[in-house]
Protein chains: 2
Amino acid sequence: MGDDVFRALADPTRRRILDELAERDGQSLFELCGRLATRHGLGLSRQAVSQHLAVLEAADLVRTRREGRYKFHDLNTAPLERILNRWLRPDVPGSTACGST
Amino acid sequence: MGDDVFRALADPTRRRILDELAERDGQSLFELCGRLATRHGLGLSRQAVSQHLAVLEAADLVRTRREGRYKFHDLNTAPLERILNRWLRPDVPGSTACGST
DNA sequence: ACCATAGGCAAGTGAATGCTTGCATGACAA
DNA sequence: TTGTCATGCAAGCATTCACTTGCCTATGGT
């Protein structure tokens with residue numbers, strides 16, 4: 001476990017998506033496309049962003065909720081908190097649970 | 001800055017190398033090869049590990065010091081500490097410095 | 001000097017990755 | 001129902017990446 005998290009964080013575009021969601025939770029796919037374009041200068045297709053979101057969701061870094069035909073995305077920092085302790089604080093209780101990733 | 005750090009952490013073998021160095025600093029290339037093989041079951045060539053170490057060193061996650069014909073590797077957690085704050089504590093002073101990575 | 005040891009450099013290969021293109025699905029409005 | 005909007009699925013392409021192979025440098029022991 002945690003493998004998907006590191007892989008998800010490897011791409012700079014996905015990190016910018018996390019930045020966007022950290023600033024404003026609950027954005028839809030098109031909202032993210034627009035903000036990545038206008039604020040970060042990234043001219044990505046809708047599918048490109050969709051695939052990035054799928055990777056982030058698989059890593060549990062992004063939670064989604066459907067409402068009608070919209071799908072809203074929320075940032076989930078729990079996997080990040082679990083990962084830090086691996087090398088930074090190796091003797092915190094619970095940090096050994098992800099030691100074999 | 002920080003881009004190399006995420007890329008370096010993306011590979012599971014490199015993460016195991018960091019585990020090894022976290023447990024015992026100052027290992028040489030051959031030492032790491034041996035311990036990755038015996039303790040993690042990874043049958044990697046010397047060059048494979050060497051290239052991984054080069055990536056980790058480029059990301060400043062590993063510091064090296066030469067002594068004679070030996071080259072010892074030490075873990076450096078500073079880049080990790082800088083990265084945490086990006087999404088976990090966005091309002092800590094100094095965390096804005098790596099916001100555009 | 002000789003040889004073994006520790007490490008470095010560079011080209012080549014197979015697999016994974018990011019992105020595109022095209023078509024399909026489901027929800028809402030007219 | 002018909003059309004449109006938001007999203008999903010899948011194949012194809014170009015790049016990147018991890019690993020190997022082969023040769024080279026340098027240090028230390030004998």
Side-chain angles (χ1 to χ4, degrees), chain A residues 2-21 24-38 40-59 61-74 101, chain B residues 2-21 24-38 40-59 61-74 101:
Chain A
D3 217 8
D4 296 330
V5 182
F6 286 108
R7 210 180 63 81
L9 291 174
D11 188 83
T13 303
R14 284 195 284 269
R15 269 173 268 152
R16 295 225 174 79
I17 292 177
L18 294 182
D19 289 336
E20 269 304 315
L21 292 178
R24 194 218 274 180
D25 250 345
Q27 298 193 53
S28 75
L29 176 57
F30 273 73
E31 254 179 301
L32 284 167
C33 283
R35 298 194 39 151
L36 287 174
T38 64
H40 299 278
L42 298 176
L44 293 163
S45 74
R46 176 182 59 86
Q47 287 83 350
V49 180
S50 178
Q51 286 167 358
H52 281 307
L53 286 172
V55 174
L56 290 171
E57 192 176 354
L61 285 164
V62 162
R63 293 272 174 81
T64 63
R65 50 192 158 96
R66 280 212 93 114
E67 273 176 40
R69 56 178 161 177
Y70 297 100
K71 188 180 183 183
F72 299 113
H73 302 79
D74 301 279
T101 322
Chain B
D3 215 9
D4 296 330
V5 180
F6 286 108
R7 208 180 66 79
L9 291 175
D11 189 83
T13 303
R14 283 194 286 267
R15 270 172 268 150
R16 295 229 172 76
I17 291 177
L18 293 182
D19 289 336
E20 269 305 317
L21 292 179
R24 194 218 273 181
D25 250 346
Q27 299 192 56
S28 74
L29 175 58
F30 273 73
E31 255 178 302
L32 283 167
C33 282
R35 298 191 44 148
L36 287 174
T38 61
H40 300 276
L42 298 176
L44 293 162
S45 74
R46 175 182 60 87
Q47 287 83 352
V49 180
S50 178
Q51 286 166 358
H52 282 307
L53 286 171
V55 174
L56 290 170
E57 193 175 356
L61 284 164
V62 162
R63 294 272 175 80
T64 63
R65 52 196 157 92
R66 282 212 91 113
E67 272 176 40
R69 57 176 163 177
Y70 297 98
K71 188 180 183 183
F72 299 113
H73 302 80
D74 301 280
T101 323

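All chains are named by letter (A, B, ...) in the order of the sequence lines, taking the proteins before the strands, and each is independently numbered beginning at 1.
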Q: Kindly write out the residues that satisfy side-chain contact (heavy atoms from CB on, under 4.5 Å) with Phe72(B), not counting sequence neighbours, or none if the list is empty.
A: Ser28(B), Arg65(B), Glu67(B), Tyr70(B)
Q: Identify, with sequence neighbours excluded, every residue that meets side-chain contact (heavy atoms from CB on, under 4.5 Å) alongside Ala59(A).
A: Asp4(A), Val5(A), Ala8(A), Leu61(A)
Q. Does any pair with a residue in residues 47-58 of chain A pass salt bridge (charged side-chain N to carboxylate O under 4.0 Å, His left out), and if so which ones, sequence neighbours excluded?
A. Glu57(A)-Lys71(A)
Taking salt bridge (Lys or Arg N to Asp or Glu O under 4.0 Å) as the definition, give me every residue that meets it alongside [X], ordered by chain and number, with sequence neighbours left out.
{"X": "Arg24(A)", "answer": "Glu31(A)"}
{"X": "Arg14(A)", "answer": "none"}
{"X": "Arg63(B)", "answer": "Asp60(B)"}
{"X": "Asp25(B)", "answer": "none"}

Using a cut-off of under 3.5 Å, enumerate the N/O to N/O pairs linking the protein to nucleotides 15-19 of chain C.
| residue | atom | partner | partner atom | Å |
| --- | --- | --- | --- | --- |
| dT17(C) | OP1 | Arg7(A) | NH1 | 3.2 |
| dG18(C) | OP1 | Arg14(A) | NH2 | 2.6 |
| dC19(C) | OP2 | His52(A) | NE2 | 2.2 |

Whole-Å gap separating [atom2] ([N]) and [atom1] ([X]):
{"X": "Arg69(A)", "N": "dA29(C)", "atom1": "CZ", "atom2": "C1'", "answer": "8 Å"}
{"X": "Arg66(B)", "N": "dA6(C)", "atom1": "CZ", "atom2": "P", "answer": "12 Å"}
{"X": "Leu53(B)", "N": "dG8(C)", "atom1": "CG", "atom2": "P", "answer": "9 Å"}
{"X": "Glu67(A)", "N": "dA27(C)", "atom1": "CD", "atom2": "P", "answer": "14 Å"}

**Q.** Test item: Leu9(A) and Leu9(B) side chains (from C-beta on) under 4.5 Å apart, heavy atoms
**A.** no
Q: Output the distance between atom CG (Leu53(A)) and atom CD1 (Ile17(A)), rounded to the nearest 0.5 Å.
A: 5.0 Å
Q.
Working to the nearest 0.5 angstrom, can you tell me the gap between Arg16(B) CZ and Asp11(B) CG?
A. 9.5 Å
Side-chain donor-acceptor contacts of residues 40-51 of chain B below 3.5 Å, not counting sequence neighbours, with atom names and distances?
| residue | atom | partner | partner atom | Å |
| --- | --- | --- | --- | --- |
| His40(B) | NE2 | Glu20(B) | OE2 | 3.4 |
| Ser45(B) | OG | Ala48(B) | N | 3.2 |

Q | Base of dG8(C) paired with side chain of Arg46(B) (donor-acceptor, under 3.5 Å) | A | yes
Q | Any residue of residues 30-38 of chain A with a heavy atom less than 4.0 Å from an atom of DNA chain C | A | none
Q | Leading and trailing nucleotides of DNA chain D with any atom under 4.0 Å from heavy atoms of chain B | A | dC17(D) to dG28(D)
Q: Return no unless some side-chain N or O of Lys71(B) is found under 4.0 Å from OP1 or OP2 of dG8(C).
A: yes
Q) Where each residue is assigned the nucleotide of DNA chain C containing its nearest heavy atom, which of His73(B) and Gln47(A) is assigned the position nearer the 5′ end? A) His73(B)
